Amino acid sequence: MKSHTRYLTFQTPERFGLLNITDTVHDAVRESGVQEGLCLVNAMHITASVFINDDEPGLHADYRKWLETLAPFDPSPQRYAHNRTGEDNADAHMKRQIMGREVVVAITRGKLDFGPWEQIFYGEFDGKRPKRVLVKIIGE
Amino acid sequence: MKSHTRYLTFQTPERFGLLNITDTVHDAVRESGVQEGLCLVNAMHITASVFINDDEPGLHADYRKWLETLAPFDPSPQRYAHNRTGEDNADAHMKRQIMGREVVVAITRGKLDFGPWEQIFYGEFDGKRPKRVLVKIIGE
Amino acid sequence: MKSHTRYLTFQTPERFGLLNITDTVHDAVRESGVQEGLCLVNAMHITASVFINDDEPGLHADYRKWLETLAPFDPSPQRYAHNRTGEDNADAHMKRQIMGREVVVAITRGKLDFGPWEQIFYGEFDGKRPKRVLVKIIGE
């Protein structure tokens, strides 16, 4: 069994940001030499996500608006008890649960085994600082 | 290490549909010959889900109603910017994030290692056309 | 390839409860002897979750309140068709979809490869009875 580990770092200029990281994950798969296996990609921070969806700017604007409706940003400790700790990012911990922490992608014949529109995104809900993503590949 | 890959295709008669695919995934595990390992099952399309829950028609009706509340179908581009592209399925991209893209299931002694009520479902939120699901098994 | 399987049982005194199970999963990784691999941790019941987030009591109170807003407890069969079966836990099946069934965590140099704040939680939405969690580790 082969394994390969890679750490990526991202910093978004705003609190909210969605970055297409598919090519970088493809590179890690190529480096691994794995032909058949699994590729885990996860946010290492708890106010961020890794998810798979479409690379369409309108959809990304929709996600932003929709997540804001489900878990509005509110730095006050009245709405979110977490913000009594001095944090202002309780909403980001909620948004991350909707969008998910990780994806597991099959590797077949040395490539990410994707449907026609699948793209891997890093989803940032409390940005403006460097945060890490882990890529772990196992297989043969 | 053994690996096994299988592609399934589903077409639901309506936009929304939940299909129990547990037996088909069981078949793939049997074919693989894997006794101890992991089984990834994921939607290859970005307006569909694979998830694990109960096979109870009332619950499925509840999911349908609940998802419609959280992310209502609305083909107009006023509510969803994604629908400016000519698509009408922005809501389906949201519903899929709630229900999730994939499940990873343990294989123990040659079988999906399930709790008493766990069943694997394909969740379709923009149906009426053929869409694919990937089953990837690795182990020994 | 090595594999290791462990079943954990939890019973929360109330319907809702979040338990930090990180140390127990760490123990299972140590037992497995796996240095490089993947660790799956999943709820075996369909009204419970395994998820990764912060161990902060304010945040946990926020999750409880937030999930109640998105999918309110209501034993009546008027709101949830599932409750016509004699169950009263349809809301718990919804909450579990938001929080997720499982996490997959990388194992690197014999340890769970975590970011600074990542902790694994068992999320119970219909407690007061024993329920199981599966830990499955594969690697080398």
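What you are looking at is a predicted structure, and each value in this text was computed from that prediction instead of being measured. Protein chains get the first letters and strands the later ones, always in sequence-line order, with residue 1 at the start of each. Side chains are part of it too, since the values below use all heavy atoms of this structure and drop only hydrogens, waters and symmetry mates.
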A.B. asks: Given that the side chain runs from C-beta out, which part of A:Trp117 has a heavy atom under 4.5 Å from chain B: side chain, backbone, both or neither?
C.D. replies: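 The answer is both parts of A:Trp117.
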A.B. asks: May I ask you to test the A:Phe10-A:Ile21 pair for a side-chain heavy-atom distance under 4.5 Å?
C.D. replies: yes
A.B. asks: Under 3.5 Å, is there a donor-acceptor pair between the A:Lys131 and A:Thr12 side chains?
C.D. replies: no
A.B. asks: Is there side-chain contact between A:Val41 and A:Phe51, with at least one heavy-atom pair below 4.5 Å?
C.D. replies: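 The answer is no; the side chains never approach within 4.5 Å.
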A.B. asks: Side chains of B:Val34 and B:His4, heavy atoms from C-beta outward: is any pair under 4.5 Å?
C.D. replies: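 Sidechains of B:His4 and B:Val34: no contact.
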A.B. asks: Working to the nearest 0.5 angstrom, can you tell me the gap between B:Lys111 NZ and B:Gln35 CD?
C.D. replies: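 Rounded to the nearest 0.5 Å, the NZ-CD separation comes to 10.0 Å.
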A.B. asks: What part of A:Glu56 is in contact with chain B, defined as an atom under 4.5 angstrom from a non-hydrogen atom: side chain, backbone, both or neither?
C.D. replies: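 Just its side chain gets close to chain B.
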A.B. asks: Side chains of B:Gln119 and B:Asn20: any donor to acceptor distance under 3.5 Å?
C.D. replies: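 Per modelled atom types, B:Asn20 and B:Gln119 side chains form a pair under 3.5 Å.
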A.B. asks: Quick one: sort the A:Phe125 and A:Phe16 rings into parallel, tilted or perpendicular, breaks at 30° and 60°.
C.D. replies: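 A:Phe125 vs A:Phe16 ring planes: tilted.
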A.B. asks: Distance check, rounded to the nearest 0.5 Å: A:Leu19 atom CG versus A:Gln11 atom CD?
C.D. replies: 11.0 Å
A.B. asks: Salt bridge (Lys or Arg N to Asp or Glu O under 4.0 Å) between A:Asp27 and A:Arg30: does it pass, once the steps are laid out?
C.D. replies: CA-CA 5 Å; A:Asp27 289 348; A:Arg30 215 173 296 128; 3.1 Å; yes
A.B. asks: Could you name the residues of residues 132-140 of chain B that have a heavy atom within less than 4.5 Å of a heavy atom in chain A?
C.D. replies: B:Leu134, B:Lys136, B:Ile138
A.B. asks: Within the 4.5 Å heavy-atom criterion, are B:Val25 and B:Val105 side-chain neighbours or not?
C.D. replies: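 B:Val25 vs B:Val105: side chains apart.
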A.B. asks: Chain B contacts: which residues in residues 69-104 of chain A have a non-hydrogen atom closer than 4.5 Å to it?
C.D. replies: A:Leu70, A:Ile98, A:Met99, A:Glu102, A:Val103, A:Val104
A.B. asks: For A:Ile120, run the side-chain contact (heavy atoms from CB on, under 4.5 Å) check against A:Thr24, A:Asp23, A:Ile52, A:Asn53 and tell me which one passes.
C.D. replies: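 Going through A:Thr24, A:Asp23, A:Ile52, A:Asn53 one by one, the side-chain contact (heavy atoms from CB on, under 4.5 Å) with A:Ile120 is satisfied by A:Ile52 alone.
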A.B. asks: Top residue by heavy-atom pair count (under 4.5 Å) with chain B, among A:Ala61, A:Pro57, A:Gly37?
C.D. replies: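 Most pairs with chain B among the choices: A:Gly37.
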